[in-house]
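Take a look at the structure below.
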Amino acid sequence: MKIPMVDMLAGYPEIKDEVEASVKNIFNKANFILGEEVNKFEKEFAAFNGAKYAVGVANGTDALRLAIIACGIKRGDEIITTPFTFIATSETISQAGAVPVFADINPDTYNLDPKDAERKITSKTKAILPVHLYGHPAEMDEIMELARKHNLKVIEDCAQSFTAKYKFNQTDWKYTGTMGDCGTYSFFPAKNLGAFGDGGMIVTNDEHIYNELIALRNHGSKERYIHDMEGYNSRLDTVQAAILSIKLKHIDAWTEKRNKIAEKYNLALKDIAKIPVIKENCKHSFNYYTIKFSDRETRDKVQKHLSDNGIANNIYYPIALHRQKAYAHLNTKPLEVCEKIQDTVFSLPMYPELPDEHIKAIADCIKECIHELTAKK
Ligand SMILES: *Cc1c(COP(=O)(O)O)cnc(C)c1O
C-alpha cells in the first residue's frame, strides 16, 4: 500500500464542474491580472475571518514580506520570531532589511514562547512574528500584551492555520490572523485552502496598512503609472482567486474532517506517542498532524518503518532555523526546547479525504514498530 502525505486531487470531483466553468469564464474574458474575481475573493476572505481588509498577493512568502514592509519595519530593525518554522518566515524579515531574532518555543504547542520572546527584546525590536504552527494558535494574549508593553507590531504567519480559532469557547473568540496588525496566508496547494498554483493573502483591520499593501503588491502604484513609492510585482492571479472562491465554500467542512481524522489518530496512538496538544481554548486547523517520541532513535526508527511500508511521513522541521548555515552569522545561543523537539517529532499523512483504512494502516504500522522496539529492550 502507498499512502501519500496529501492527495491534492481527492477533493476535486466535488468542485470540478464549478471550477472548470469559472476558469473558462476567465479565459473568455481574459482579465488575468487583478480581474474582478480577485476583489471578490478578497472580500469573501476578509468577511470569513472577520477582518476589515484582505489583499491578495502572489504567495505566502510575499504576504509575509509585504506585511513586514507595510508595518513600517526599516533597515536594522529586529523582529522576534520562532526558529521552528519554514524559512519563509525569517527570510522575508531579512529581505525587508530587518534582522530575525530567534526565541525558543513552547514544549507542548511548539509555538513561540512569549516568555523567551520577552527576554530577546532590545531597543531595536520593532515587531513579533508568531507562526501558528501546524494549525495550532500561538499564545496570542501573551504576545499581544508584550507588544502593547513594548510598542511592537505583530504579524501572524497563518500559512498553516487558516480556520484555526483562538478562545473559540468564549464570546470574544477570533480567527488566527486577526489579532495582530497583519495576518498572512499561503494558498500553496498543500495548505488547508490550496490554490491550483501559488497564491497568498494578507488580512488587516488597519486602513493605512491596507493602503500600503494595495500599492506594494503593484509596483507602489494605486493609480496606473503614478508611483508615490517603489513596490513589487506580487498580485494574486485572477484564475487562482476564482478557484479559491469556490474552495472557500467548503473550508469549514474540510477543517471538520481534518479534526475528525486527528481524533482517530489520537485514539489509536495516544498510548505509544505524544499526540498533538490542543490548548482548551484553541480550535486546531490541522494542516499537519504531528507526533512526538521520547528520543531521536525511536523517532527515526518509526519513521523508517513507515517509509519501508510505503507510508509517507515528514519532519516539519528537521533543522531549526537558528541552526541553519543561512543564520550562522546571528550566533544565536542554544534554544533548548526547540532543539529537542526537532529531533523527536514527525508528521503523518493528513488531508480531509484520508480514508479510515489508511488511518488504521498507519497506526498499525507505528504500533508494530513500537512493539518490536520494546520487545528488544
Ligand atoms: C507555506 C509556508 C509559508 C510560505 O508560503 P508560500 O505560499 O509557499 O510562499 C510561510 N510560512 C509558513 C509557516 C509556511 O508553512
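Heads up: numbering here begins at 1 and tracks the sequence. Order of listing sets the numbers, starting from 1, for every ligand and every atom in it.
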Please produce the table of protein N or O atoms sitting under 3.5 Å from N or O atoms belonging to ligand 1, one pair a line, distance to 0.1 Å.
| from | atom 1 | to | atom 2 | distance (Å) |
| --- | --- | --- | --- | --- |
| ligand 1 | 5 (O) | S186 | OG | 3.2 |
| ligand 1 | 7 (O) | G60 | N | 2.7 |
| ligand 1 | 7 (O) | S186 | OG | 2.6 |
| ligand 1 | 9 (O) | G60 | N | 3.3 |
| ligand 1 | 9 (O) | T61 | N | 2.8 |
| ligand 1 | 9 (O) | T61 | OG1 | 2.5 |
| ligand 1 | 11 (N) | D157 | OD1 | 3.4 |
| ligand 1 | 11 (N) | D157 | OD2 | 2.8 |
| ligand 1 | 15 (O) | Q160 | NE2 | 2.9 |
| ligand 1 | 15 (O) | K191 | NZ | 2.7 |

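For Y110 and Y316, the ring centers sit 6.0 Å or farther from each other.
The shortest side-chain heavy-atom distance between K301 and E372 does not fall under the 4.5 Å cut-off.
Within a 6.0 Å sphere centred on CD of Q170, heavy atoms belonging to other residues, nucleotides or ligands number more than 12. Counting non-hydrogen atoms of other residues, nucleotides and ligands closer than 6.0 Å to NZ of K260 gives a total of 12 or fewer.
Between Y288 and Y134, the ring planes are perpendicular. Angles over 60° get that label, and only those under 30° would be called parallel. Between Y175 and W173, the ring planes are perpendicular. Angles over 60° get that label, and only those under 30° would be called parallel.
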